[in-house]
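The residues of the chain are indexed from 1 along the displayed sequence. Both backbone and side-chain heavy atoms feed into the values below; hydrogens, waters and symmetry mates do not. Both ligands and their constituent atoms are indexed starting at 1 by order of listing.
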Amino acid sequence: MNTPPVIGIHDLAVATGSRVLDLADLARATGVEPAKFHKGLGQDQMSVPGPDEDIVTMGAAAAAPILDRHGVAGIRTLLFATETGVDQSKAAGIFTHRLLGLPPACRVVELKQACYGGTAALQMAIGIVTRDPRERVLIISSDIARYGIDTAAEPTQGAGAVAMLVAADPDLLEIPTPTGIWTADIDDFWRPNDSDIAMVEGKLSIDAYLDAFTGAWDDYRAQGGVAASEIDAFCHHQPFTRMAEKAHRKLAEHTGVELGLDTFLPSTRYNRRIGNSYTASLYVALAAVLDSDDDLTGSRIGLFSYGSGAVGEFFTGVVRPGYRAAARRERTEALLDARIPISVEEYRELHRRVPRDTSTDLAVDPVSAGEFHFAGISGRARRYTRD
Ligand code: COA
């Protein structure tokens, strides 16, 4: 009998908005102790997209280095996960498909379930590659977290994208079975069709997250998953990094296993600076863990994905020997350092400027440094360019 191929994440890259707001400035402007944001929420900065940036441009920016490294051969599926959809019908992935020059023989679809969509895409991709190991699936998770100005959720905004290539014999992470899943109908966070900012019941969302975590964990164990003591590092979804700390403590309490904070802290390095990136957030955390140590081969990483509404999934990945081949840490640190610092007034102006009305044509100048730009609206449709 043939041994089944190892399937998992072959490559991964991060992108974010080109501007950054220091949360100490937001704290001062809103009369809050900066320590509330730094320690209480575990956040230092938040990325803010420029006027010519959105989920499509960030998603394309994340995927471009992966295609540079591996080409497009074998990619017959592009799964675009987002809860910041730019159209009610057309998948955002179709715009990125063109911008990236992917071949026409490619299925493209958008997936939505709050912050969980990227994990749904990963599980589907594994299914596709299991069926035909010659195929590779490109996943793009891209989101802009937007809440109302002067609300409790305002400091937990952010913007980012992660692209991943799922393939047989992967360089980064094998994703073995089993996986633990959990769903319950809860109104903790949602975005009605007539609103471009999310509605959130913050405290309820924290409780729902923790219930989803223990529920998914119990299912993972019931399906034959390993004990918490056998997991070397954890990535929990990070709407703000302190939430991951709460989840980590909850797992220790729930399992009775002592879990040092050192097994989750490396996962917060980039999210502290990017802010919430919804579907991308868990995979930004994974990027941070993989970048944190040059000796992770064979380590087992636990990943908890949460999407309000609410769905949770817990699974693990085992680090492969080729995981340090591409210089991801240097690239990610450089793109975070290259963001333009903006004032609270400039951030609020950008927050207000997001185009809501498509009935009038709009031209947007390519003002951001990246290669991909939202160029405006004509004929009620969004337009994009690549430099
Ligand atoms: N120094 C240090 N910590 C401080 C502080 C200070 N000066 N002031 C407050 N804090 C701590 C609080 O004690 C609290 O810690 P705790 O969680 O351990 O109790 C934390 O900072 C947050 O303060 P709190 O008053 O509870 O925050 P809030 O009412 O302003 O709202 C959220 C916090 C997360 C509910 C809000 O930002 C939100 O709704 N965010 C979006 C929803 C979200 O991300 N949900 C997560 C699941 S998806």
- Query: Is R98 positioned over the aromatic face of Y384, cation under 6.0 angstrom from the ring centre and no more than 45 degrees off axis?
  - Reply: no
- Message: Does this structure show an ion pair linking R328 with D11, if we count only N-O contacts that are shorter than 4.0 Å?
- Response: yes
Pick out the protein N or O atoms lying less than 3.5 Å from any N or O of ligand 1, and list each pair with its distance.
unit_1: ligand 1; atom_1: 15 (O); unit_2: R242; atom_2: NH1; d: 3.4
unit_1: ligand 1; atom_1: 17 (O); unit_2: K246; atom_2: NZ; d: 2.5
unit_1: ligand 1; atom_1: 18 (O); unit_2: R242; atom_2: NH1; d: 3.1
unit_1: ligand 1; atom_1: 18 (O); unit_2: R242; atom_2: NH2; d: 3.1
unit_1: ligand 1; atom_1: 26 (O); unit_2: K203; atom_2: NZ; d: 2.4
unit_1: ligand 1; atom_1: 29 (O); unit_2: K203; atom_2: NZ; d: 3.3
unit_1: ligand 1; atom_1: 30 (O); unit_2: K36; atom_2: NZ; d: 2.6
unit_1: ligand 1; atom_1: 37 (O); unit_2: A152; atom_2: O; d: 2.9
unit_1: ligand 1; atom_1: 40 (N); unit_2: T156; atom_2: OG1; d: 3.3
unit_1: ligand 1; atom_1: 45 (N); unit_2: S205; atom_2: OG; d: 2.6

- Message: Using ring centroids (six-membered ring only for Trp), state whether Y278 and F189 fall under 6.0 Å.
- Response: yes
- Test salt bridge (charged side-chain N to carboxylate O under 4.0 Å, His left out) applied to R382 and D361, D54, D87, the passing residue: D54
- Message: Run F304 and H236 through ring pair (Phe, Tyr, Trp, His ring centres under 6.0 Å) and show every step you take.
- Response: CA-CA 5 Å; F304 174 63; H236 312 290; 7.1 Å; no
Just distance, no hydrogens or angles: give the donor-acceptor pairs under 3.5 Å from side chains in residues 107-114, sequence neighbours left out.
unit_1: R107; atom_1: NH1; unit_2: T77; atom_2: OG1; d: 2.7
unit_1: E110; atom_1: OE1; unit_2: A92; atom_2: N; d: 2.6
unit_1: Q113; atom_1: NE2; unit_2: G307; atom_2: O; d: 3.1
unit_1: Q113; atom_1: NE2; unit_2: S308; atom_2: O; d: 2.8

